[in-house]
Amino acid sequence: MPPKPERTLVVIDDDRLLCDTVRHGLIGLGVRVLTAHSGAEGLRLCAERPVDVVLLDQKLPDGDGISFCGPLLERNESAKIIFITAFPSFENAVQAIKVGAYDYLSKPFELGELSLTVNQALRTIDLEHVAQVQQYQGRRDSDRSVLWGGLPEVRRLVGLAAANAAPVLITGQTGTGKTLVAKAIHFQGHGADKAFIAVNCAAIPENLMEAELFGYEKGAFTGAVATVKGLFEMADGGTLFLDEIGEMPLHLQSKLLGALDDQQIRRLGGRTLKAVHARIITATNTDLATAVRERRFREDLYYRLSVMHIAVPPLRERLEDLPELCRGFISQIAPDQVLRLEAEELAALGAYAWPGNVRELRNIIERAILVRSSNSIYPSRLLGPALHADQPPNPTVAAAGPRPLEAVEREHIRATLCHFNGNQTHAAKALGISRSTLVRKLKRLGFSD
Ligand SMILES: Nc1ncnc2c1ncn2[C@@H]1O[C@H](COP(=O)(O)OP(=O)(O)OP(=O)(O)O)[C@@H](O)[C@H]1O
Ligand SMILES: [Mg+2]
């Protein structure tokens with residue numbers, strides 16, 4: 001496993017002894033501890049670098065700790081703020097949580113208690129990262145949810161889906177624009193001002209998925225030190241986008257079906273049901289119908305999710321979209337420049353197989369813009385030579401002369417994906433690696449964003 005990046009914790013407290021105790025006490029957790037003795041100094045520290053956890057004293061020489069909570073989160077929105085106070089009270093705790101604090105410790109605290117709380121905060125950060133939970137809000141994201149190219153049938157269905165709240169299943173090869181279609185539905189629909197929560201089911205470890213989706217009550221399991229809302233609740237009124245739905249384990253499929261049917265969820269360890277009205281959009285690049293036949297995917301859930309089905313075609317079946325897509329990406333990536341793409345270039349791009357679809361096109365254009373030496377760009381020169389649609393892949397490395405290992409790996413993966421029409425599960429099997437390893441490699445090699 002790659003080493004985790006070092007975590008930074010800032011203690012903001014005018015009690016210097018406490019700051020030193022924290023610094024020594026947390027050595028074992030491998031976090032870098034920085035100290036500040038006033039709110040202003042703490043804010044400055046947090047503005048200068050990404051900070052993971054902040055221990056914030058309630059009474060500071062230059063103001064109330066609570067008043068620094070908002071500005072701290074503005075500078076580091078994913079930071080977990082843990083309040084420390086010598087005057088614990090229920091009202092104080094409620095107020096701290098209301099302004100966005102993650103947890104609450106009362107002075108004096110045991111080092112064990114501190115380590116546990118900080119560790120939990122770090123674990124939550126990991127989870128948020130692993131889950132690839134993204135919340136798209138505001139104009140910027142709605143502007144970026146515009147589809148370029150023809151796609152008449154996809155557009156018609158997006159319009160239809162936006163006008164009602166039925167579940168939508170989006171299918172298509174990797175990089176065809178499924179996530180973009182999901183965003184387009186959200187931003188054209190009634191809940192556009194509410195959250196769009198995207199979660200990649202393939203990226204969450206199976207044992208964490210249930211807690212992520214449905215949330216948990218404090219004490220529900222070891223380590224559940226606070227009550228946490230699940231993604232379903234977070235998406236209430238808006239959209240919950242479950243990407244790679246084919247990877248959802250069977251026992252959670254039943255729970256998802258129940259939540260969809262009842263429009264209610266129960267947090268892990270919770271006694272009461274909570275009403276949630278989130279529109280569910282799912283996507284997959286695997287063949288769900290086959291998964292249903294092979295009993296890896298529940299048939300009833302499949303029908304429930306695919307009330308509307310949008311199939312996004314691969315790029316090589318809509319090469320007429322190439323000019324508009326290229327123009328769009330050029331103006332998105334280099335908005336202040338006038339760059340040209342010669343007609344021969346477009347023709348060369350049209351001869352390519354595009355196993356990574358629109359995402360691959362975007363990446364190639366981005367690189368061509370980076371390496372250009374004039375106002376013209378030549379993305380086709382960056383494509384693997386052996387992978388044009390009408391040519392078989394080059395079988396030997398020797399035939400192509402010495403090249404960096406990464407280039408060979410890139411080409412081989414591309415060829416294999418192309419062979420299996422972009423199906424990652426089959427390609428991974430043929431390559432002798434797990435699907436998650438393939439997904440990681442695709443990311444590293446620039447096939448995915
Ligand atoms: N029609 C389109 N117009 C503009 N941009 C597009 C279009 N289709 C795809 N893109 C862009 O291509 C990239 C890949 O699209 P997206 O992430 O939606 O693909 P995907 O099908 O969800 O891929 P995956 O299966 O890997 O999740 C994104 O940067 C997206 O904005
Ligand atoms: Mg996607």
Side-chain angles (χ1 to χ4, degrees), residues 131-134 136 140-158 168-188 196-204 239-247 281-288 309-333 335 349 354-367 369 379 413-414 417 420-428 435-436 438-449:
Q132 294 183 348
V133 176
Q134 293 163 308
Y136 299 95
R140 205 191 59 163
D141 286 307
S142 71
D143 284 351
R144 286 196 189 160
S145 65
V146 178
L147 288 162
W148 297 319
L151 294 171
E153 184 58 5
V154 172
R155 283 173 198 283
R156 187 181 73 79
L157 292 171
V158 165
V168 184
L169 172 69
I170 307 169
T171 56
Q173 293 175 6
T174 184
T176 44
K178 297 184 295 298
T179 301
L180 193 61
V181 167
K183 286 196 225 173
I185 295 172
H186 173 78
F187 285 109
Q188 289 177 29
F196 176 90
I197 307 271
V199 50
N200 185 339
C201 299
I204 311 183
T239 303
L240 178 61
F241 174 48
L242 300 171
D243 207 352
E244 308 228 27
I245 185 70
E247 303 296 314
I281 304 182
T282 48
T284 179
N285 55 26
T286 55
D287 183 5
L288 270 193
H309 177 199
I310 303 183
V312 189
L315 180 56
R316 64 175 164 273
E317 285 176 18
R318 49 179 164 122
L319 291 172
E320 67 281 6
D321 287 347
L322 271 176
E324 187 177 331
L325 284 167
C326 290
R327 266 199 309 277
F329 287 135
I330 292 171
S331 62
Q332 192 181 65
I333 295 162
L349 294 179
W354 298 111
N357 291 293
V358 185
R359 176 181 294 119
E360 190 181 6
L361 175 68
R362 189 185 192 285
N363 290 345
I364 288 280
I365 290 190
E366 187 164 15
R367 260 185 288 149
I369 291 176
I413 288 181
R414 198 181 250 163
L417 267 174
F420 290 106
N421 283 326
N423 184 314
Q424 293 179 353
T425 309
H426 293 166
R435 179 145 182 278
S436 52
L438 176 63
V439 170
R440 259 199 315 279
K441 281 182 187 291
L442 290 173
K443 276 218 166 91
R444 180 168 58 77
L445 295 169
F447 284 106
S448 50
D449 40 34

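Computed from a prediction, not measured in an experiment: that's the story for all the values here. Just so you know, ligand 1 is whichever comes first in the structure, and atom 1 is the first atom listed for that ligand.
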Does ligand 1 come near enough to [X] that some N or O of the ligand is less than 3.5 Å from an N or O of the residue?
X	answer
Arg318	no
Phe329	no
Thr179	yes
Leu147	no
Leu151	no

Donor-acceptor check, side chain of [X] to backbone of [Y], threshold 3.5 angstrom: yes or no?
X	Y	answer
Lys178	Gly172	yes
Thr239	Phe241	no
Arg367	Pro379	no
Arg362	Ile333	no
Trp148	Cys326	no

Tightest non-hydrogen contact, residues Ala311 and Val154, listed as O-CG2, 3.8 Å

* **Considering all heavy atoms, the nearest Leu315-Asn357 contact** =>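 Looking at all heavy atoms of both residues, the shortest contact is N-OD1, 2.8 Å.
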
Tell me the contacting part of [X] for ligand 1: side chain, backbone, both, or neither, using a 4.0 Å heavy-atom threshold, strictly below.
X	result
Asn285	side chain
Lys178	both
Leu325	side chain
Asn357	neither

salt_bridge(Glu153, Arg156) N-O dist < 4.0 Å:
yes

(message) At less than 2.8 Å, would any N/O/S atom of Thr179, backbone or side chain, sit next to the Mg ion (ligand 2)?
(response) yes

Per-atom filter on ligand 1: closer than 4.0 angstrom to a heavy atom of Asp243 are 27 (O)

Check your understanding: Counting heavy atoms only, which of Ile170, Thr176, Val358 comes nearest to atom 10 (N) of ligand 1?
Key ->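 Nearest option to atom 10 (N) of ligand 1, by heavy atoms: Val358.
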
- Task: Answer whether the closest heavy-atom distance between the side chains of Leu288 and Leu169 falls below 4.5 Å.
- Result: yes

Would you please determine whether Gly175 falls within less than 4.0 Å of ligand 1 on a heavy-atom basis?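 Gly175 counts as a contact of ligand 1 under the 4.0 Å cut-off.
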
